[in-house]
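Numbers restart at 1 for each chain; the letters A, B, ... are given by sequence-line order, proteins then strands. Note that the structure is a prediction, hence the values are computed from the model and not measured.
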Amino acid sequence: MKSEPNVFSIDDLAKRPGRTEPWDGIRNYQARNFMRDDMSVGDGVLFYHSNCSPPGIAGYAEVAREAYPDETQFDEVSNYFDEKSSHEKPRWLNVDVKFIRKTKLLSLHEMREHKKLESMKVLQKGSRLSITPVTPEEWRYIQTLI
DNA sequence: GCCAACGTTGGC
DNA sequence: GCCAACGTTGGC
């Protein structure tokens, strides 16, 4: 899961009450569907710092609550407000994410040097999704690196 | 700041 | 349903 560290970093997550935070503000259907369909409580999360220097995986987290309506879509003063959404028919969802631990940064550059990671969705050309799946093989290999 | 690669919107 | 215009992401 990508986050811009100047907006919300792995350190910010560690400081939240219960070390847990709703992963709100997702306004892309594919990313929403990953949360809705493919993420369960206890699933591992790679916390990726994007739009920074250097970008890369900065820590481990886990899914702490399955997908539920994203409150920010109903908040008129929020940047994430969606006037086409309603409590009756919420359009956007989020999971809760819980801090596990920080890691040595596994930079994007370094990730690209590992052949066993070349299939990762997040490394594909043009990949812009802020949430992408990781295979068990990719997960296990990354654990040998950080 | 640039820009490639997407996703979304809306006229037709 | 097509597709041009526009907006966003995020590495560089």
**Q** Identify whether the distance between the nearest side-chain nitrogen and carboxylate oxygen of A:K104 and A:E110 falls below 4.0 Å.
**A**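 Between A:E110 and A:K104 there is a salt bridge, with a charged N closer than 4.0 Å to a carboxylate O.
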
**Q** Enumerate the residues from residues 83-93 of chain A whose closest heavy atom to DNA chain C is under 4.0 Å, giving them by residue number; use none for an empty result.
**A**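 Of all residues in residues 83-93 of chain A, none places a heavy atom under 4.0 Å from DNA chain C.
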
**Q** If I take atom CE in residue A:M120 and atom P in nucleotide C:dG11, what distance separates them, rounded to the nearest angstrom?
**A** 13 Å

**Q** If you take the centroid of each ring, where Trp contributes its six-membered ring, are A:F74 and A:W92 closer together than 6.0 Å?
**A** no

**Q** So, is A:K2 near the phosphate of C:dG10, with a side-chain N or O under 4.0 Å from OP1 or OP2?
**A** yes

**Q** How would you list all residue pairs meeting ring pair (Phe, Tyr, Trp, His ring centres under 6.0 Å) that involve residues 105-134 of chain A, not counting sequence neighbours?
**A** A:H114-A:Y141

**Q** Using a 4.5 Å cut-off on heavy atoms from C-beta on, say whether the side chain of A:Y68 contacts that of A:D96.
**A**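 Side chain of A:D96 against side chain of A:Y68, heavy atoms only: contact under 4.5 Å found.
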
**Q** Should the pair A:R91-A:D70 be classified as a salt bridge under the 4.0 Å nitrogen-to-oxygen rule?
**A**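 Salt bridge between A:R91 and A:D70, a charged N being under 4.0 Å from a carboxylate O: no.
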
**Q** Is it the case that A:E4 and A:S50 place a side-chain donor and acceptor less than 3.5 Å from each other?
**A**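 Per modelled atom types, A:E4 and A:S50 side chains form no pair under 3.5 Å.
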
**Q** Whole angstrom is fine here: how far is it from CE in A:M111 over to C1' in C:dG10?
**A** 14 Å

**Q** Where the side chain of A:K102 meets the backbone of A:I10, is there a donor-acceptor pair that is under 3.5 Å apart?
**A**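 The answer is no, because no donor-acceptor pair under 3.5 Å joins these two groups.
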
**Q** Can you check whether A:L105 reaches A:P54 side chain to side chain, under 4.5 Å on heavy atoms?
**A** yes

**Q** What is the separation between atom CG on A:L123 and atom P on C:dG11, rounded to the nearest whole Å?
**A** 11 Å

**Q** Should A:K98 and A:E62 count as an ion pair when the cut-off is N to O under 4.0 Å?
**A**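 So A:K98 does not pair with A:E62 through a salt bridge.
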
**Q** Can you measure A:R27 atom CZ to C:dT9 atom C1' for me and round it to whole angstrom units?
**A** 16 Å

**Q** May I have the distance from A:L105 (atom CG) to C:dG11 (atom C1'), rounded to whole angstrom?
**A** 14 Å

**Q** Shorter than 3.5 Å, N or O on both sides, protein versus nucleotides 2-7 of chain B: list them out with atom names.
**A**
unit_1, atom_1, unit_2, atom_2, d
B:dA5, OP1, A:K125, NZ, 2.9
B:dC6, OP1, A:K125, O, 3.2
B:dC6, O2, A:R128, NH1, 2.7
B:dC6, O2, A:R128, NH2, 2.6
B:dG7, OP1, A:Q30, OE1, 3.3
B:dG7, O4', A:R128, NH2, 3.3

**Q** Rounded to the Å, how far apart are A:I26 CD1 and B:dT8 P?
**A** 13 Å

**Q** Within the pair A:Y48 and C:dT9, is there a side-chain N or O less than 4.0 Å away from OP1 or OP2?
**A** no

